[in-house]
Amino acid sequence: MEKIKIVLAGARGRMGIEALRMIKSVDHFELVGAIDHKFNGIKISEIEGLPNLDAKIYTDVNECFTQTKPDVLVDLTTPEIGRLHTRAALEHGIRPVVGTTGFSKEDLKELTEMAEEKKLGAIIAPNFAVGAILMMKFSQMAAKYFQDVEIIELHHDQKLDAPSGTGIKTAELISSVRESKQQGHPNEKETHVGARGADYDGIHIHSVRLPGLVAHQEVLFGGEGQMLTIRHDSFNRASFMSGVKLSVETVMKIDLLVYGLENIIE
């Protein structure tokens, strides 16, 4: 099998280190470069704590793309940087796989149009854990039978966006099969602003941020005399790597932007 050449953005982060290990372990993947805000010109192997890989680090994204000529960009950075990298990748004819959440509807529309215009595959995944994708799919199935639902998403305290991309994506999937409904008592009043969480089409989303957590979510469905809870937990970042691998392989076979791994798994 011909090797897929990859540039990784965010290699020194906790997700990035796991991605480096995964890329190194897959025979048909080749890391040709990394993007970082420092360590320009240094090899990955020369940085303490990173896997023994000879790919060079670039601080300039355009220089990186021009010199390494990758097939795929894997971006595991922050929302603001991820948006810039994704646009730059498409402009250079490179297929982005993005695990950064926080993209607005306007961002997704612009990037979708860019991918279609250039006939390039692109995957933006709020969550790379296959179990989390199944949790979202099961929640969408349950929403056909339970109108009343609330989402509680729990993440580490260094996460920048709230609600999480997974929480919002879950609400979108549920909303696609659920009639709009404002839940709770019609005269309900928050005595402290935000007590009921974010409101997405009447679905309340609650964000928890605590040290020690990684990525967790439960979806609560209430009915007469019963409650259904669907929960997923990622206890470490290795749980996301099967989804990253699948995305890199899949993005080479498509020519449009896909938002959410649920669209590429059976």
Side-chain angles (χ1 to χ4, degrees), residues 1-13 15-47 49-100 103 107-108 110-125 128 240-259 261 264:
M1 182 183 292
E2 190 174 342
K3 286 186 180 289
I4 299 173
K5 296 179 179 180
I6 300 169
V7 160
L8 177 64
R12 290 187 299 114
M15 273 282 283
I17 292 171
E18 289 294 343
L20 288 174
R21 291 173 181 151
M22 182 274 292
I23 292 167
K24 186 178 179 182
S25 71
V26 178
D27 288 341
H28 58 281
F29 286 179
E30 180 186 358
L31 186 75
V32 296
I35 300 168
D36 202 325
H37 66 278
K38 59 182 183 178
F39 297 115
N40 187 54
I42 301 295
K43 291 181 180 179
I44 291 284
S45 57
E46 295 174 336
I47 298 177
L50 298 190
N52 185 26
L53 289 160
D54 286 334
K56 196 165 72 171
I57 295 173
Y58 296 82
T59 52
D60 185 293
V61 62
N62 293 306
E63 181 187 357
C64 177
F65 291 157
T66 300
Q67 291 198 9
T68 63
K69 295 180 170 53
D71 301 304
V72 175
L73 163 72
V74 175
D75 189 281
L76 304 170
T77 59
T78 63
E80 293 77 15
I81 299 300
R83 283 193 289 269
L84 294 173
H85 287 173
T86 304
R87 290 189 187 100
L90 290 170
E91 286 168 357
H92 281 265
I94 299 160
R95 298 164 186 264
V97 168
V98 186
T100 305
F103 284 83
D107 292 328
L108 292 172
E110 177 194 347
L111 295 170
T112 296
E113 289 171 353
M114 282 186 70
E116 287 178 357
E117 180 185 337
K118 293 181 174 291
K119 293 183 171 54
L120 286 171
I123 295 175
I124 298 175
F128 279 118
F240 304 117
M241 291 306 111
S242 60
V244 175
K245 178 178 179 290
L246 174 65
S247 296
V248 170
E249 292 167 341
T250 303
V251 80
M252 295 297 295
K253 305 171 187 173
I254 59 177
D255 57 4
L256 75 170
L257 184 145
V258 172
Y259 177 57
L261 240 61
I264 65 170

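The structure presented is a predicted model; accordingly, all values stated were derived computationally and were not measured.
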Handout entry: Heavy-atom side-chain contact between Ile124 and Leu111 under 4.5 Å
Key = yes
Handout entry: Residues in side chain to side chain donor-acceptor pair (under 3.5 Å) contact with Gln67, at least two apart in sequence or another chain
Key = Tyr58, Glu63
Fill in the blank from the handout: Between Ala125 and Leu261 the two heavy atoms that sit nearest each other are CB-CD1, 3.7 Å
Handout entry: Considering all heavy atoms, the nearest Pro96-Gly121 contact
Key = CD-O, 3.6 Å
Completion exercise
Value for CG (Leu73) from OG1 (Thr68), rounded to nearest 0.5 Å, stands at 9.5 Å
Handout entry: side chain to side chain donor-acceptor pair (under 3.5 Å) involving Asn62 - partner list, sequence neighbours excluded
Key = His92
Handout entry: Donor-acceptor contact below 3.5 Å, side chain Asn52 vs main chain Ser45
Key = no
Completion exercise
One should read off an interatomic distance between His85 NE2 and Thr78 OG1, to the nearest 0.5 angstrom, of 8.0 Å
Side-chain atoms of residues 20-35: list all donor-acceptor pairs with protein atoms under 3.5 Å, sequence neighbours left out, distances to 0.1 Å.
residue	atom	partner	partner atom	Å
Arg21	NH1	Glu18	OE2	3.2
Ser25	OG	Met22	O	2.7
His28	NE2	Glu249	OE2	2.8

Fill in the blank from the handout: Heavy-atom nearest pair, Ser247 first then Phe128, reads OG-CE2, 3.4 Å
Handout entry: Spatial distance of atom NZ (Lys3) from atom CG (Asp71) [nearest 0.5 Å]
Key = 12.0 Å
Handout entry: Exercise: identify the closest heavy-atom pair between Ile44 and Ala11
Key = CD1-CB, 4.2 Å
Exercise for the section: Nearest 0.5 Å please: distance from the OG1 atom of Thr250 over to the NZ atom of Lys245. Expected result: 9.5 Å
Exercise for the section: Please answer whether the main-chain N or O of Thr59 pairs with a side-chain N or O of Asn40 as donor and acceptor at a distance below 3.5 Å. Expected result: yes
Problem - salt bridge (charged side-chain N to carboxylate O under 4.0 Å, His left out) partners of residues 75-89, not counting sequence neighbours, each pair once - result: Arg83-Asp107, Arg87-Asp107, Arg87-Glu110
Completion exercise
Shortest non-hydrogen pair, Leu90 vs Leu120, comes out as O-CD1, 3.7 Å
Exercise for the section: With sequence neighbours excluded, tell me which residues meet ring pair (Phe, Tyr, Trp, His ring centres under 6.0 Å) with Tyr259. Expected result: none
Problem - salt bridge (charged side-chain N to carboxylate O under 4.0 Å, His left out) partners of residues 34-45, not counting sequence neighbours, each pair once - result: Arg12-Asp36
Problem - Residues that Glu46 engages under side chain to side chain donor-acceptor pair (under 3.5 Å), provided they are two or more places apart - result: none
Completion exercise
Closest heavy-atom pair, Ile47 versus Ile42, reported as atoms and distance to 0.1 Å, is CG1-CG2, 4.1 Å
Problem - Spatial distance of atom CD1 (Ile123) from atom OG1 (Thr86) [nearest 0.5 Å] - result: 12.0 Å
